[in-house]
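Worksheet: one structure, shown below.
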Amino acid sequence: MQNGAARSMALELDIAADNSLYLSSKGTKHMCQSAAGCGFCYFTYSGNRITGCECSSRAPGNNCIHKFSEQNTLLKNVPLNRSRK
């Protein structure tokens, strides 16, 4: 919640050479924010890609705002342990 509006966030995962998934600071960040009249927003997809947002109530005027950035700061300044035990 922010200022009475529901918000959702999703981070895209990258695929390694061995087909494992991992989170990277280079991954796209998606955010959905509900506008007036919408209680909650859901992400919309095309295949496995997020393409936008949709309001849980499909009544006219109930909208969601989709924002995205090409990078995220979730792992910024976090030391990574590169050794495997």
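Residues take their numbers from the sequence shown, with the count starting at 1.
Of all heavy-atom pairs spanning Asp14 and Ser24, the tightest one is OD2-CB, 3.0 Å. Taking both residues in full, the closest heavy atoms of Tyr45 and Phe43 are given as CE1-O, 3.6 Å, listed atom of the first, atom of the second, then distance.
Rounding to the nearest 0.5 angstrom, the gap separating the CG atom in Leu11 from the NZ atom in Lys29 is 8.0 Å. If you take OG on Ser56 and CG on Asn62, they are separated by 8.0 Å, rounding to the nearest 0.5 Å.
Below 30°, between 30° and 60°, or above 60°: for His66 and His30 the angle between ring planes is below 30°, a parallel geometry.
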Acceptor/donor pairs from residues 48-55 side chains to any protein atom, 3.5 angstrom cut, sequence neighbours excluded:
unit_1, atom_1, unit_2, atom_2, d
Arg49, NH1, Glu12, OE1, 2.7
Thr51, OG1, Thr44, O, 3.3
Thr51, OG1, Thr44, OG1, 3.2
Glu54, OE2, Arg58, NH2, 2.7

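Two residues are said to be in side-chain contact when any heavy atoms from C-beta on lie closer than 4.5 Å; Ile15 and Leu21 meet this criterion. Side-chain atoms of Cys32 and Phe40, non-hydrogen and from C-beta on, never get closer than 4.5 Å to each other.
Cys pair Cys41 and Cys64 passes the test of SG atoms under 2.5 Å apart.
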